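The block underneath contains the structure these notes are about, expressed in structure tokens.
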Amino acid sequence: MSEGPTKKRRVNLWRPKSDPTKKPAAALAQKAAQKAAQKDVEAGEREAKELADVLPKSWAEMRSFVDDLREKAEKKDADSLKGLFRDVAEAAAERLKGWVDADRALMLAMSATIEAAASRYALDPGQQWAPGEPLRVLLAGYSGTRNTGADVRVEEMIRQFRHLFGDEDVELSIYTIDPELTRGYFRTVRQIHLPKVFPKTLYDTIHEQHAVIACEGSMFKSKFANALSTMMVGAIGLAAVEGKLAVGYGGEAGTMDAPLAKLVRRYCQDALIIARNENSKGILADLGVASRSGTDTAWPFEPAPPEVGRSILVDAGWDGETPVLALCPINPFWWPVRPNVSRAIVHSFSDLYAESHYGSVYFHAEGTEVDDRQDAYLEAIANATVRFMEKHDVFPVLYGSEQLDRLADEALNEKLVAKLGERAPTRPDGTKGFPVIVSDEHDMYAMVSAMRQATYMVSSRYHAIVMTMAGGVVSAGITMDERIRNLMKDRGTPELALEVDDPELEEHLYATLEGMVERAESIREGIDACVYANLERMGQMGQILVDYVRQAHPEFPFRPELGEQGDPWDHLPPLPPNVQALVERVRARQANAGSTDASAGSSSEPPTGEARP
């Protein structure tokens, strides 16, 4: 991995806070898995026994081993100590190899929890909606990590749901991984802390709800973390088996590992799934899961006023006039995160794996190949950017819309400084470089306001593009998966989606940047049309949701004009002024195009009484 920021700046998510000898995650998974015997019979019992035999013993042995070596370890220097820890990790990994799969254990635990809820439902149905009381709706997503895109799409769902259901007739709750990072977000919504080991929390909290809406964008895919999709499926499945409203709202389906695909097939059959695009619908159909067409929900977001974003950039070194080129790099090569129990053991008492640790027992991919691929990706972006700066007066700003992006931002900034030498600007703090604006320092309102100060954007973050389109930012993507490809295809500019592993990325990116300047106005028109179409689709999602709830609860007091018989635009929350202006621009263009077509058509009509050829 390339050299990142100092340890003080690095953000580490989902770090275990308790002593692993007291509460090993796998032991909790094993306990839940034992309850699956009624469904998973021989396979479930065998895996539960193996987990019981191996994991607790391994944790205890590891702690004992470390205690025995404490005095010797204190006398060793740092390098020797790291070597010792590596030997320990390798020995533990060899012993546990073939026995421990934390992803599979979590999926078994989630499956067992859903089956237990189905059994409980026969005796205790939990909360059931009755006319005259608010509908209790729980949102299950990826909030609480300062992932700006995830938070913005949920914020707009909440505004839409409040508009459709009415504040007096709905009680909204949401899971958050870190309540401190969502403080001040999601007005009127009760926030519920979601622990790292979540099946029991889902089991308890969903029982007290009337409806569950899964709201993560990467809803059904193994690209990032199976644990995240397991949580989405678990929330939907728990609601479905208890006869509650179960919805997947605007999510994406992609490539899934076989166990995850099996989980989706088994527990999402009875839910309403509204997919983000047609490709996702096809993937779900292959699993026997029906879905409806939808979109993302971040389109109508209103950030902080433009002066807030402008002030952030000026304070970081922008002159306030030079056109901003927004660069949004990530580390596309360290995904997906994978469980590694032996590493988690070592990491619990050392920082040996701090750089790759994602959370709990999960670690990013690392090694020479990952480092080399990341370096080549950043090198290509830096080279293309410097070449572009030689011909155009632009000022790069590096944005990280998730905390994890700071490492890539800082590494790219270092490359730009090295290539520009004395031409690199001096920041207000006296260091050389360009502004680095990351969500670990700015909330979603400020982040999007700052992003919309850009004239051009090159992003590997899907939502960085989506959130700036209504602001007229001319954008292209460098993608690691299907999301940006689908978006650019939807915009009518598939050539603006480049690939992170393209061996000719520098040349292709430079040509793309030049094309963005030459075609800026036509690209903006295409962006306007795309935003308009997706706002309409989001309204259609609202129509589908209303009819789904109405079918289950005919007495719920929806306004009579709502539902699929109505106008999709009536199912959107109030639009901010710039989005409303965009809608009016597109409608005016459509009206002008219609008038032109009508004129052309009438001019081709033969005079009355004249025979047609």
Side-chain angles (χ1 to χ4, degrees), residues 149 217 250 252 254 276-280 293-301 323-330 332 377 380-381 384-385 387-388 391-392 394 396 399 401 448 451-452 454-502 504-538 578-579 582-583 585-590 592-593:
E252 189 135 0
R276 188 155 67 181
N277 49 57
E278 294 304 305
N279 184 59
S280 295
S293 297
T295 182
D296 198 79
T297 57
W299 306 101
F301 181 69
V324 170
L325 169 62
L327 301 174
C328 308
I330 60 173
Y377 158 79
I381 296 174
T385 299
R387 290 170 61 186
F388 186 66
K391 289 187 62 176
H392 302 276
V394 295
Y399 294 92
S401 58
V448 179
M451 286 178 170
R452 290 188 182 181
T455 301
Y456 308 105
M457 171 179 281
V458 174
S459 175
S460 289
R461 280 281 175 194
Y462 168 83
H463 273 111
I465 298 173
V466 169
M467 295 181 299
T468 55
M469 284 171 60
V473 179
V474 177
S475 52
I478 307 177
T479 186
M480 63 180 284
D481 63 13
E482 66 282 346
R483 291 170 300 164
I484 292 177
R485 285 188 218 110
N486 291 336
L487 175 60
M488 291 302 170
K489 183 179 179 181
D490 195 26
R491 274 173 36 173
T493 54
E495 72 280 4
L496 295 183
L498 308 178
E499 301 295 324
V500 296
D501 55 359
D502 180 0
E504 298 183 39
L505 179 57
E506 177 187 335
E507 294 299 326
H508 292 156
L509 177 55
Y510 176 70
T512 297
L513 286 165
E514 291 290 349
M516 288 163 65
V517 175
E518 296 169 5
R519 300 162 48 208
E521 287 310 309
S522 65
I523 291 173
R524 284 194 183 97
E525 285 193 14
I527 286 172
D528 281 357
C530 181
V531 173
Y532 181 90
N534 280 288
L535 285 169
E536 187 167 26
R537 289 177 199 150
M538 184 175 167
N578 72 306
V579 177
L582 181 152
V583 169
R585 283 199 306 273
V586 173
R587 287 176 174 169
R589 289 177 190 139
Q590 291 175 341
N592 290 337

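Values below: every heavy atom of this structure, side chains too, minus hydrogens, waters and symmetry copies. Quantities reported herein were computed from a predicted structural model and do not represent experimental measurements.
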Taking every heavy atom of Pro396 against every heavy atom of Leu327, the minimum-distance pair comes out as CB-CD1, 4.1 Å
Which pair of heavy atoms, one from Ile527 and one from Val473, lies closest together, and at what distance?
CD1-O, 3.4 Å
Between [atom1] of [X] and [atom2] of [Y], what distance do you get to the nearest 0.5 Å?
X      : Y      : atom1 : atom2 : value
Ser459 : Ile478 : OG    : CD1   : 8.5 Å
Lys489 : Glu278 : NZ    : CD    : 10.0 Å
Glu252 : Arg483 : CD    : CZ    : 7.0 Å
Met451 : Ile465 : CE    : CD1   : 10.5 Å
Leu509 : Thr385 : CG    : OG1   : 6.0 Å
Tyr456 : Ile523 : OH    : CD1   : 9.0 Å

Paired with Tyr462, the side chain to side chain contact (heavy atoms under 4.5 Å, CB included) test is passed by just one of Thr479, Asp481, Leu487, namely Leu487
Would you say Thr493's side chain and Glu495's backbone share a donor-acceptor pair under 3.5 angstrom?
no
Side-chain donor/acceptor of Arg524 to backbone N/O of Gly472, under 3.5 Å
yes
For the residue pair Asp528 and Met469, establish whether any side-chain heavy-atom pair is separated by less than 4.5 Å.
no
Are the side chains of Asn486 and Arg276 in contact, using a 4.5 Å heavy-atom criterion?
no
What residues, two or more places apart in sequence or in another chain, satisfy side-chain hydrogen bond (donor to acceptor under 3.5 Å, both in side chains) together with Tyr532?
Arg587
By side-chain hydrogen bond (donor to acceptor under 3.5 Å, both in side chains), which residues pair with Tyr377, not counting sequence neighbours?
Ser460
Could you check whether Glu499 pairs with Arg485 (Lys NZ or Arg NE/NH1/NH2 to Asp/Glu carboxylate O, under 4.0 Å)?
yes
Does a side-chain N-to-carboxylate-O contact under 4.0 Å join Arg387 and Glu514?
no
Check step by step if salt bridge (charged side-chain N to carboxylate O under 4.0 Å, His left out) holds for Asp296 and Arg537.
CA-CA 9 Å; Asp296 198 79; Arg537 289 177 199 150; over 6 Å; no
For side chain to side chain donor-acceptor pair (under 3.5 Å), just list the numbers for Asn277 and Asp490, CA-CA rounded to whole Å, side-chain angles, deciding distance to a tenth of an Å, and then say yes or no.
CA-CA 9 Å; Asn277 49 57; Asp490 195 26; over 6 Å; no
